[in-house]
There are 2 protein chains.
Amino acid sequence: MAEVKSVDTRERILDVAERLFMGHGYDGTSMRMITSEAAVNLAAVNYHFGSKESLMQEVFRRRLDWLNEERMRVLNTLEREAAGKALKPSQIVDGFFGTLLRMADDEKRGGTTFLRLLGRTLTDPSEFIRTFLAHEYAAVVDRYKEALFKALPDVPKAEIVWRFHFMLGATSYAIAGTDALRLVTDWQIEESDSIDRMDRLVPRLMSFLLGGLRSPLPQFSDAAATVETKAGHTTTAANAGPAVDSK
Amino acid sequence: MAEVKSVDTRERILDVAERLFMGHGYDGTSMRMITSEAAVNLAAVNYHFGSKESLMQEVFRRRLDWLNEERMRVLNTLEREAAGKALKPSQIVDGFFGTLLRMADDEKRGGTTFLRLLGRTLTDPSEFIRTFLAHEYAAVVDRYKEALFKALPDVPKAEIVWRFHFMLGATSYAIAGTDALRLVTDWQIEESDSIDRMDRLVPRLMSFLLGGLRSPLPQFSDAAATVETKAGHTTTAANAGPAVDSK
DNA sequence: CTATGATTAAAACGAACGTATGAATTATAG
DNA sequence: CTATAATTCATACGTTCGTTTTAATCATAG
């Protein structure tokens, strides 16, 4: 049972595939691109993973297994320390999105490459990929969803689910499309450095997410206004509704 | 110069291509899928558009030309009515994102199909697509960016650009991935109908975007706290910083 | 060392891809 | 009606795709 070179081969394929899938998408990345860049034989992918689809799934599973466990672990710890009391929304948001974003610093867990891949893949057209990702996420998302329900008892559950959706979108776009808007605008970076990206992106994004999560509830045409009532929710009735303004 | 049937052919190709590109992505949609569903000859695309890339660009240009003009028109009207005074952030956000979202109701402008396509394409891996989209968006984004700078003079410009980025992400994900999270969670829709999507999505998303845009500024490790000072910004110093909580 | 199973290598498979060609068909102009 | 340009059509080209096959190479156990 020889397993010396094969481990390296497997890992090298996964690393290259991760990077190429990130840059060119699933359909846009060919087996020959992967195997030639990884300096392995063309048949190696099918030998080690069975098919291109299975390779893609393994690329994600390698990272998501850890991420899911870490997210669960963080939430368990938080709830244990809270001793039955509801968590603070910021704790929950940080447990879910902060844990994800901190992977950027951990090159061993894929770093920014995997983050960008994940961000782009959430809106990937390929059917089997979205199905696979949804299945991988299901349990963890449900747990965090429930935590948010408990943390925000006055907010309709449907509203929380929607805002979770919005937070996911803002995050995945932030980690995926760092180039898109950069080309569009002059980017207006007055600040000194520009490669520090992540350590400044995280607080920026967190602030945005929490602002959105805790924003006054929308008012529909028919329904009566449902406004946050809990003390400290910063939201006042004065600026509730979709037309919240600064003056 | 016969142009009777060709117009129908062109439009039919564009309509089918728009729908298929939305569902399967650019690489995942073949010429044969398009031409067979559109009931035209395989060579029709190359005859009318030259190439697959040109077809893709025409699919977008057909919708974006109108969207860009409308966004410009709305902003011009707002600024004319404001008579030099700064606009309200909600007006600017609604002008940019509301105008986009309202395309969903206009089947003549592509409706939800184009919206979902646009949302997914912003993170599309194909190089030429992102370049093309960035070029199409540049002028309008710059104008709205400037409007936000003027509306929020106390907020650092870099911060505004980031939050614009985040808003774009939340929006594109909201209109693109309506299925992704639906599979993950039980979706917790307590409300009656579920097909009304857009007319309830718009105020929901708007509320979220404004909450994020007007959220207290993040505090970095080194820098001093920069907190919104303008009256009515709802944000109090007590819950400024990345760890904003409800209690 | 030899036998055995795991891995790598080179080559080929059929299918699907985007595109191009030239003839047939259709519509319009004079 | 005839001539001419625009469009549609059937078909084929050359490439690239993911996968498979068969043989060669490697590492380890007995």
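The figures that follow rest on heavy atoms only: side chains count, while hydrogens, waters and symmetry mates do not. The chains referred to below are lettered A, B, ... by the order of the sequence lines, with proteins before strands, and numbering in each begins at 1.
Sorted by first then second residue, the salt bridge (charged side-chain N to carboxylate O under 4.0 Å, His left out) pairs that include residues 26-54 of chain B, not counting sequence neighbours, are Arg19(B)-Glu37(B). Applying the salt bridge (charged side-chain N to carboxylate O under 4.0 Å, His left out) definition to pairs two or more places apart or across chains, those involving residues 90-99 of chain B are Asp94(B)-Arg102(B).
Residues satisfying the side chain to side chain donor-acceptor pair (under 3.5 Å) criterion with Asp15(B), sequence neighbours excluded, are Arg62(B). By the side chain to side chain donor-acceptor pair (under 3.5 Å) test, Asp105(A) pairs with no residue at all, sequence neighbours left out. By the side chain to side chain donor-acceptor pair (under 3.5 Å) test, Glu58(B) is found to be paired with no residue, residues two or more places apart in sequence or in another chain being considered. Residues forming a side chain to side chain donor-acceptor pair (under 3.5 Å) with Arg143(B) (at least two apart in sequence, or on another chain): Asn76(B), Glu79(B). Phe96(B) is linked by a ring pair (Phe, Tyr, Trp, His ring centres under 6.0 Å) to Tyr144(B), Phe164(B), counting only residues two or more places apart in sequence or in another chain.
To the nearest angstrom, C1' of dA6(D) lies 15 Å from CZ of Phe49(B). Between the CZ atom of Arg10(B) and the P atom of dA6(D) there is a distance of 15 Å, rounded to whole Å. Protein atom CD of Glu11(A) is 16 Å distant from nucleotide atom C1' of dT7(C), rounded to whole Å.
Ring-plane geometry between Phe208(A) and Phe166(B) is classed as tilted, the angle between the planes lying from 30 to 60 degrees on a 0 to 90 degree scale.
Side-chain N/O atoms of Thr9(A) include one lying less than 4.0 angstrom from OP1 or OP2 on dT8(C). For dA6(C), neither phosphate oxygen OP1 nor OP2 lies less than 4.0 angstrom from any side-chain nitrogen or oxygen of His48(A).
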query: Once each nucleotide of nucleotides 17-23 of chain D is scored for protein heavy atoms under 4.0 Å, what B/S/- sequence comes out, 5' to 3'?
result: BBBBB--

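Within residues 15-25 of chain B, no residue has a heavy atom under 4.0 Å from DNA chain D.
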